[in-house]
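Before any comments, here is the structure.
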Amino acid sequence: MNIGIEHYLVLSAILFVIGAYGVLVRKNLIIVLMSLELMLNAANLAFIAFSRASGDMTGHVFMIMSITVAAAEVAVGLALLVSIYSHRESLDIDILKLLKG
Amino acid sequence: METVVFYVFAALALAGGLMVISFKNPVSSALSLVLTLFSTAVLFVLLLAHFVAVIQILVYAGAIMILFLFTVMFLNLKSEALKFESKHLGFKVSALLVILLFVGYFASLGFKKGLFLSNTSVSEMEGFGTVQGVGTTLFLDYLLPFELTSILILVAIIGVVVIAKKRSN
């Protein structure tokens, strides 16, 4: 028996909420980046679910693009993180308020 | 059968997600994130997206997570660098409420429109989600975006090298 697409969409929404909560609440920069990955992953799940529902494979292509963007984003984010840590010996995102101009 | 697999791996994905945002140690969080990504890959297989599921495991659970773990170990974090005073309870509750409000609003919009939910028999077509199917779509209809992706990756590589380089002065 088949599961309706709604189940996947609800799961995707819950994962997105968990990720967004992590981005807002955690102060460790590494875990904030991981929560961002969680949000992107939730969006990917929604893409694939809609792609299955409509029988159109554009969603798969878009998901591959999204993975590429996620990889680039993680690479740049982690480079910034290494740079911040070597300057300040801390991963607390609240020290980044010193960036304000 | 499919129902059981869906609920088991959906529960695993949610448990992994909750563990990501609750562990103190980044390494534990990274391993929980692998659990979530792997469970999502299983759900992709249920949605007939076989190629994308393999890509998910290879690129996400493989490459990106290795990058995270490598960075954590490269930084050689001292234990006091992991101690953060957590945000106020009021901030946490209000953040959760705001997120739920936004997501609930868009979810209710989606479900009100009805979209094309519920009929899943459309896509029993030939080659759906295989390497050939995805490849045909990617290289015939979306060739230009695919090529532009390489520019994005090039920019990311150059950016990373410039950002992470040791300043000599």
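Heavy-atom basis, side chains included; hydrogens, waters and symmetry copies ignored. So you know, we letter chains A, B, ... as the sequences are listed, proteins then strands, and number each from 1.
Of all the listed residues (A:Asn44, A:Asp94, A:Ile64, A:Val32), the one sharing the greatest number of non-hydrogen pairs under 4.5 Å with chain B is A:Asn44.
Proximity to chain A among residues 142-151 of chain B is limited to B:Tyr142, B:Pro145, B:Phe146, B:Thr149, judged by heavy-atom separations below 4.5 angstrom.
For B:Ala63, no part lies under 4.5 angstrom from a heavy atom of chain A. Of the atoms belonging to A:Leu45, heavy atoms from both backbone and side chain fall under 4.5 Å from chain B. Contacts of B:Ile153 with chain A are made by side-chain atoms alone, with heavy-atom separations under 4.5 Å and no backbone atom involved. Heavy atoms closer than 4.5 Å to chain A are found in the side chain of B:Thr71, but not in its backbone. Interface remark: B:Ser22 contributes backbone atoms only to the contact with chain A (heavy atom separation under 4.5 Å).
With a 4.5 Å cut-off between side-chain heavy atoms of Ile, Leu, Val, Met, Phe, Trp and Tyr, the cluster of A:Val69 takes in B:Leu152.
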Test side chain to side chain contact (heavy atoms under 4.5 Å, CB included) applied to B:Leu96 and A:Val25, step by step:
CA-CA 9 Å; B:Leu96 188 61; A:Val25 164; over 6 Å; no
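Side-chain contact between B:Val160 and A:Leu78 is absent, with no heavy atoms from C-beta onward closer than 4.5 Å. Inter-residue side-chain proximity for A:Met57 and B:Asp141 is flagged as unmet; no heavy-atom pair is nearer than 4.5 Å. By the 4.5 Å heavy-atom criterion applied to side chains, B:Ile21 and A:Met34 are not counted as neighbours. Between B:Leu47 and A:Phe50, the closest side-chain pair of non-hydrogen atoms is not below 4.5 Å. Contact annotation: the side chain of B:Phe51 never approaches that of A:His60 to less than 4.5 Å [non-hydrogen atoms, C-beta and beyond].
Between the side chains of A:Asn41 and B:Gln56, at least one donor N or O lies within less than 3.5 Å of an accepting N or O.
Shown here is B:Phe91, whose CZ atom has more than 12 heavy atoms of other residues, nucleotides or ligands within 6.0 Å.
Applying the ring-ring contact (aromatic ring centres under 6.0 Å, His included) test to B:Phe23 and every residue at least two apart in sequence or in another chain returns nothing. Looking at residues two or more places apart in sequence or on another chain, you find a side-chain contact (heavy atoms from CB on, under 4.5 Å) between B:Leu97 and B:Val93.
Between A:Arg26 and B:Val20, the shortest heavy-atom contact is NH1-O, 4.3 Å. The shortest non-hydrogen separation linking B:Ala13 to A:Leu15 is O-CD2, 3.8 Å. Scanning all heavy atoms of the two residues, the minimum distance from B:Pro26 to A:Asn28 falls at CG-ND2, 3.8 Å.
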